[in-house]
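When reading the values below, keep in mind they use all heavy atoms of this one structure, side chains included, and skip hydrogens, waters and symmetry mates. In this text, all values refer to a predicted model and were calculated from it rather than measured experimentally.
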Amino acid sequence: MGVKSPRSDFRSLFEGSTFENAGTGTYFTGYAKPVEQTFFPGEKLDAWDKRLALNHKTSMDLATRVERKELEPNKAGRHGITLLAKLPAFDTHYGFLIPAAHLIINGLLKGFWYYVLMDYTGACPRNVLPNRARNELTKRGKRLQLPHDMGRPYVDIVKKKGTWVMENWLHWAETFCQISHPLLEEHCPDSHQAWLHLRAAVRHYLCSFDEYDNLSKDEVDQKRLEARDHVREYAKIVETKLTVQLCTMNLRLAQHLHDQEEYTGWIEDSMEFWVEREVQREKKHVKDRVVIMPETFLGNMHLLECAVQNIENDVGDMMMLPQQPGTISDHHLRDDFTSVTRLLDKGEERVITVDFKIRLGHLRALVSKTSKHSLDEFTLLRFKSASLGGKEFTSKAYSRHQSRCSYHVCFRTTDAPSEDKYGDVVHYYLLHHRVSNERIRFCELQWFKGSGVRVQYVHKTPEETVLVLPLECIRRKVIFYPLESDHIEILPCPSKGRL
């Protein structure tokens, strides 16, 4: 590695080439049709020929031949035997992991979209999005409304992509890019097909952290094979229909991600961000300070963080601490902070009127299933937000977030446990039995009816309906993207801090 040569792919013997009208760079083809390789004179091999694959033994043989002056470094792709190779248990092939996040996001994602959105004069190049479609894409982006904890807001990919960091690109690939799919399909279908394959691979390697939890080993292996095939199909389309300038070293190394995942486990567990996270954590303490003993300073700040975290874990809700004498306690208006699923802040006491019982017709049935007490024995509290699985959800009554909202949810009901449904949370409620301290938490939902297990479009009007459901029925937040008609498109909402 570190050698400027046509064969800089340290995982195989495959060599790149230079091409006319493609600059002075080296590009790696062989995805669509076999190409000549100097290690196999007189033959043409495709990019996935198993004879090109290296392992620890063959890598050591190449390095040894370089040190013996039997092979030039620029042909072997290495200068010699690394010091780590002298360790008895070190594998020189998989010991140097592919930096998947930088390779995929800063390499493949940016490269593809910079190509599709390249500047041009005169006629629009083939497989490039025309200016009128870019203007429409800008308009569509303004209709996105994100949850409050999603991280960086969406900024226009057409005009502001130069300011994007890796988090922006990841959110684009996982969520926001869907607003561009109709435009890609209409104006540059080859680019659209290429993007669908690339996006599927990105979602597998960087975004599918909790989607495979309940799959068997055989099912997971199948998902890995599908991701490998998506990378290969993307490479074929790039080589034959887009431009050879996208056949970069990043695309070549991406062909090995499946093998690395088979050998070392999930790509997410072997990404390069642990160093950056640690540096970022220390930077927030150091800032512009100059200290005599930085290691002591950083150690003390870490211990202070741990102490505060321990207190927070023990106390939970700071408002539940003993209050000053003379103040009126509001503990009876708050939920139990020790519960994993709990209602946040201070609730508003409500009277369980006849009209309320009629409007929430499912309420009595909900109580009868979970409690031995009658509905009239409970005190009713209404809340504006809740914590579900460690994530904060809000309701339509929550007014502190104007530009963002966290009340669009995906939920499932007991009568259809495998069907995803979508709606808006109107209010959260707590039924509290003061004598037994029994608590029943539920929410009032506006359900937007749709059909199918994986609903893509749902009617917002006129089929709105009100449901009363336990909080456990809520699965995750989603983004409702309004379309021109009376439909809403469902966009997935990624977890906070994905990288």
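The CH2 atom of W113 lies 14.0 Å from the CG atom of L108; values are rounded to the nearest 0.5 Å. Interatomic distance, CZ of R134 versus CD1 of I157, reported as 10.5 Å (0.5 Å rounding). Distance CD/Q260 to CD/Q255: 13.5 Å, rounded to 0.5 Å. Here the SG atom belonging to C177 is positioned 10.5 Å from the CG atom belonging to L137, to the nearest 0.5 angstrom. Atom CZ of R441 sits about 7.5 Å away from atom CG of L471, to the nearest 0.5 Å. With values rounded to the nearest 0.5 angstrom, T264 atom OG1 is found 9.0 Å from I98 atom CD1.
Environment of NE2 in H302: sparse, with no more than 12 heavy atoms of neighbouring residues, nucleotides or ligands closer than 6.0 Å. Within a 6.0 Å radius of NZ in K110, other residues, nucleotides and ligands contribute more than 12 heavy atoms.
Each of N135, D156, L183 was evaluated against R140; a single residue qualifies, L183, per the side chain to side chain contact (heavy atoms under 4.5 Å, CB included) test. Evaluated for a side chain to side chain contact (heavy atoms under 4.5 Å, CB included) with H197, the options K236, R232, E233 yield exactly one hit, E233.
Remark: the backbone N or O of E174 is not paired with any side-chain donor or acceptor of R203 at under 3.5 angstrom. A distance-only check finds no donor-acceptor pair linking the side chain of Y429 to the backbone of I440 [under 3.5 Å]. Under a 3.5 Å cut-off, the side chain of S406 and the backbone N or O of T394 do not form any donor-acceptor pair. Judged by distance alone, with hydrogens and angles left aside, the side-chain atoms of N310 form no donor-acceptor pair with the main-chain N or O of A307 at under 3.5 Å.
A salt bridge is defined here as a Lys NZ or Arg NE, NH1 or NH2 lying under 4.0 Å from an Asp or Glu carboxylate O, and R132 with E136 fails to meet this definition.
Residues S395 and Y407 approach most closely at O-CD2, 3.5 Å, considering heavy atoms. The heavy-atom pair separating V116 from V128 by the smallest distance is O-CG1, 3.2 Å. Of all the heavy atoms in S385 and D345, the pair that sits closest is OG-OD2, 3.6 Å. A pairwise comparison of heavy atoms in A201 and A227 identifies CB-O, 4.1 Å as the closest pair. Minimum interatomic distance between A101 and M166 (heavy atoms only, all atoms of both residues): O-CE, 3.5 Å. Nearest heavy atom pair, residue V202 against residue A173, reads CG1-CB, 4.0 Å.
Looking at R143 and Y481, their side chains do bring a donor and an acceptor atom within 3.5 Å of each other. Under 3.5 Å, the side chains of H427 and E348 contain no donor-acceptor pair of N or O atoms.
Proximity of N437 to H432: side-chain heavy atoms (C-beta onward) are separated by under 4.5 Å at one or more points. The shortest side-chain heavy-atom distance between L198 and V238 does not fall under the 4.5 Å cut-off. Put simply, the side chain of K396 reaches to within 4.5 Å of the side chain of Q446, judged on heavy atoms. Between T175 and L146, every side-chain heavy-atom pair lies at or beyond the 4.5 Å cut-off. In this structure, K142 and Y154 have side chains that are not in contact, with every pair of non-hydrogen atoms separated by 4.5 Å or more.
Using a 30° and 60° split on the angle between ring planes, F176 and H171 fall in the perpendicular class, above 60°. Relative ring orientation between H192 and H181 is described as perpendicular, the plane-to-plane angle rising above 60° on a 0-90° scale split at 30° and 60°. The aromatic rings of Y263 and Y94 sit parallel to each other, their planes meeting at less than 30°, with 60° as the upper class boundary.
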For this session: Evaluate side-chain contact (heavy atoms from CB on, under 4.5 Å) for Q145 paired with F480, printing each intermediate quantity in order.
Result: CA-CA 8 Å; Q145 188 177 29; F480 285 176; over 6 Å; no

Problem set entry | CA sep, side-chain torsions, deciding dist, call: L381, L343, side-chain contact (heavy atoms from CB on, under 4.5 Å) | CA-CA 10 Å; L381 297 175; L343 303 169; over 6 Å; no

For this session: Evaluate the ring-ring contact (aromatic ring centres under 6.0 Å, His included) criterion for residues Y398 and F383: first the C-alpha distance (whole Å), next the side-chain angles of each, then the deciding distance (0.1 Å), finally the verdict.
Result: CA-CA 9 Å; Y398 191 87; F383 293 79; over 10 Å; no

Exercise. So Y234 and L251, side-chain contact (heavy atoms from CB on, under 4.5 Å) or not? Walk me through it.
Worked result: CA-CA 9 Å; Y234 170 74; L251 182 56; 3.8 Å; yes

Exercise. Should V425 and F411 be marked as a side-chain contact (heavy atoms from CB on, under 4.5 Å) after you check the CA-CA gap, both sets of side-chain angles, and the distance that decides it?
Worked result: CA-CA 10 Å; V425 179; F411 66 95; over 6 Å; no

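Relative to the ring axis of W172, R199 does not place its NZ or CZ within 45° and under 6.0 Å from the centre.
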Table please: side-chain donor-acceptor pairs of residues 472-479 below 3.5 Å, with sequence neighbours left out.
| from | atom 1 | to | atom 2 | distance (Å) |
| --- | --- | --- | --- | --- |
| R476 | NH2 | D420 | OD2 | 3.4 |
| K477 | NZ | D149 | OD1 | 3.0 |
| K477 | NZ | D149 | OD2 | 2.9 |
| K477 | NZ | E392 | O | 2.6 |

